[in-house]
Amino acid sequence: MRKTLKITGILLILIFIIIQFFQPEKNISSDNANDIFNKEQLPEQVRKVLANACADCHSDNTRYLWYHKIAPVSWLVSSDIKKGKKELNLSKWGEMDSYDKISALEDIRQELKQKTMPIKPYVIMHKEARLTDEDRAAMFAWIDKKGNELVKSSVKE
């Protein structure tokens, strides 16, 4: 029995070591030209919320922590980033037309209103991603203002 446990333990350790060689590609880009942070005049609180609670999964520039380099955590993080960027990529904001931006703003509003974003596992690991009522209010105010600007500019076109 002890020998079986010892062999099983050694096999698990070897498997853990081997999977470390299969790391996903990092989500890091040097092209920030169309990034929302460069394309919009964001109020400081909105900038803070987007940077701390959204950008890691919804942009081309993820801030990786030490445990993001350990498989299988690295695979889960990579999967979450791919899903997040599929829904909204803040690094592509400048490439979006007004209608897509309006739609994205409404999606952000719904996620914030329902408190489904940022996702709970992310908030647990990133204390700075916890949104206060004031953070949400600032986001709602910016979404309203930006949405109105986009609607007005769309009507003129």
Side-chain angles (χ1 to χ4, degrees), residues 16 19-157:
F16 180 78
I19 67 173
Q20 300 313 308
F21 292 100
F22 300 95
Q23 293 291 323
E25 187 176 333
K26 298 291 184 213
N27 183 48
I28 300 174
S29 172
S30 59
D31 180 14
N32 297 326
N34 287 304
D35 197 302
I36 193 169
F37 300 106
N38 292 321
K39 291 293 185 180
E40 297 291 340
Q41 294 291 339
L42 299 169
E44 189 55 37
Q45 193 167 9
V46 170
R47 178 178 290 278
K48 185 183 112 207
V49 168
L50 291 173
N52 292 337
C54 308
D56 278 345
C57 293
H58 294 283
S59 79
D60 292 337
N61 287 298
T62 300
R63 295 171 296 162
Y64 288 96
L65 302 175
W66 67 269
Y67 55 85
H68 292 149
K69 298 174 184 149
I70 301 171
V73 172
S74 59
W75 304 338
L76 297 171
V77 168
S78 180
S79 174
D80 285 347
I81 292 167
K82 286 177 184 169
K83 289 176 192 171
K85 285 173 54 176
K86 185 177 179 184
E87 292 297 320
L88 172 66
N89 188 343
L90 298 171
S91 294
K92 306 292 185 205
W93 186 261
E95 298 171 15
M96 296 167 66
D97 65 26
S98 294
Y99 297 106
D100 288 338
K101 288 178 182 178
I102 291 167
S103 177
L105 290 171
E106 282 307 309
D107 289 346
I108 293 168
R109 173 191 296 287
Q110 286 303 312
E111 297 290 347
L112 289 171
K113 187 176 179 182
Q114 296 169 1
K115 298 184 178 181
T116 52
M117 282 288 152
I119 59 174
K120 288 186 186 354
Y122 185 82
V123 174
I124 290 169
M125 299 306 290
H126 300 83
K127 306 284 188 236
E128 70 280 4
R130 289 189 180 141
L131 301 183
T132 65
D133 290 339
E134 292 80 22
D135 291 333
R136 290 181 197 285
M139 288 296 295
F140 292 142
W142 176 75
I143 288 168
D144 290 342
K145 182 178 181 229
K146 187 64 190 172
N148 287 334
E149 289 172 8
L150 290 167
V151 168
K152 287 177 185 175
S153 71
S154 298
V155 171
K156 290 178 185 177
E157 293 175 357

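- Residues N52 and R63 have side chains in contact (heavy-atom distance under 4.5 Å, counting atoms from C-beta outward).
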- Intermediate values then yes/no, side chain to side chain contact (heavy atoms under 4.5 Å, CB included), K69 and K26: CA-CA 10 Å; K69 298 174 184 149; K26 298 291 184 213; 4.2 Å; yes
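- Put simply, NZ on K113 and CZ on R136 are 12.5 Å apart, with the number rounded to the nearest 0.5 Å.
- The two residues P118 and A53 make their nearest non-hydrogen contact at CB-O, 3.5 Å.
- Smallest separation of non-hydrogen atoms from N61 and D56: O-OD1, 4.1 Å.
- L90 and C54 make their closest contact through CD1-CB, 4.1 Å (heavy atoms, listed as atom of the first residue, atom of the second, distance).
- Of all the heavy atoms in I108 and L88, the pair that sits closest is CD1-CD2, 3.8 Å.
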- Go through the steps to decide whether L105 and L150 satisfy the test side chain to side chain contact (heavy atoms under 4.5 Å, CB included), and finish with yes or no. CA-CA 10 Å; L105 290 171; L150 290 167; 3.7 Å; yes
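- Open room surrounds CD on Q41; 12 or fewer heavy atoms of other groups in view lie less than 6.0 Å from it.
- Atom-to-atom distance recorded for F37:CZ and N32:CG is 10.0 Å, nearest 0.5 angstrom.
- Other residues, nucleotides and ligands place more than 12 heavy atoms under 6.0 Å from the NZ atom of K127.
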- Item | side chain to side chain contact (heavy atoms under 4.5 Å, CB included) evaluation trace for L65 with H126 | CA-CA 10 Å; L65 302 175; H126 300 83; 3.5 Å; yes
- Message: Before you tell me yes or no, could you show the steps for K146 and E149 under salt bridge (Lys or Arg N to Asp or Glu O under 4.0 Å), namely the whole-Å CA-CA distance, both residues' side-chain angles and the distance that decides it to 0.1 Å?
- Response: CA-CA 5 Å; K146 187 64 190 172; E149 289 172 8; 3.5 Å; yes
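- The shortest side-chain heavy-atom distance between I19 and W75 falls under the 4.5 Å cut-off.
- Within the 3.5 Å criterion, the main-chain N or O of N27 finds a donor-acceptor partner in the side chain of Y64.
- To the nearest 0.5 Å, the span separating NZ on K83 from OG on S78 amounts to 10.5 Å.
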- Under the side chain to side chain contact (heavy atoms under 4.5 Å, CB included) criterion, do K39 and N34 qualify, and how do the steps go? CA-CA 6 Å; K39 291 293 185 180; N34 287 304; 3.4 Å; yes
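- Panel note: side chain Q110, backbone E106; no donor-acceptor pair is recorded below 3.5 Å.
- Considering only heavy atoms from C-beta on, M139 comes within 4.5 Å of L50 through its side chain.
- Rounded to the nearest 0.5 Å, atoms OG (S91) and NE2 (H58) are 11.5 Å apart.
- To the nearest 0.5 angstrom, S59 atom OG is 10.0 Å from K92 atom NZ.
- Judged by distance alone, the side chain of Q20 and the main-chain N or O of I70 form no donor-acceptor pair under 3.5 Å.
- The side-chain heavy atoms of Q23 and H68, taken from C-beta on, include no pair separated by under 4.5 Å.
- Put simply, the side chain of D107 never gets that close to the backbone of A104: no donor and acceptor are under 3.5 Å apart.
- When all heavy atoms are compared, the tightest approach of W93 to D35 is CB-C, 4.5 Å.
- Heavy-atom neighbours of Y67 OH from other residues, nucleotides or ligands within 6.0 Å: above the threshold of 12.
- Side-chain atoms of D100 and S103 form no donor-acceptor pair, as typed in the model, at a separation below 3.5 Å.
- Taken to the nearest 0.5 Å, the CD1 atom of I36 stands 8.0 Å off from the NZ atom of K101.
- No donor-acceptor pair closer than 3.5 Å links the side chain of D60 to the backbone N or O of D31.
- Residues M117 and I119 form a side-chain contact, since some pair of their non-hydrogen atoms from C-beta on lies under 4.5 Å apart.
- Counting only distance, with no hydrogens or angles, the side chain of W142 and the backbone of R47 share no donor-acceptor pair below 3.5 Å.
- Within the 3.5 Å criterion, the main-chain N or O of D144 finds a donor-acceptor partner in the side chain of N148.
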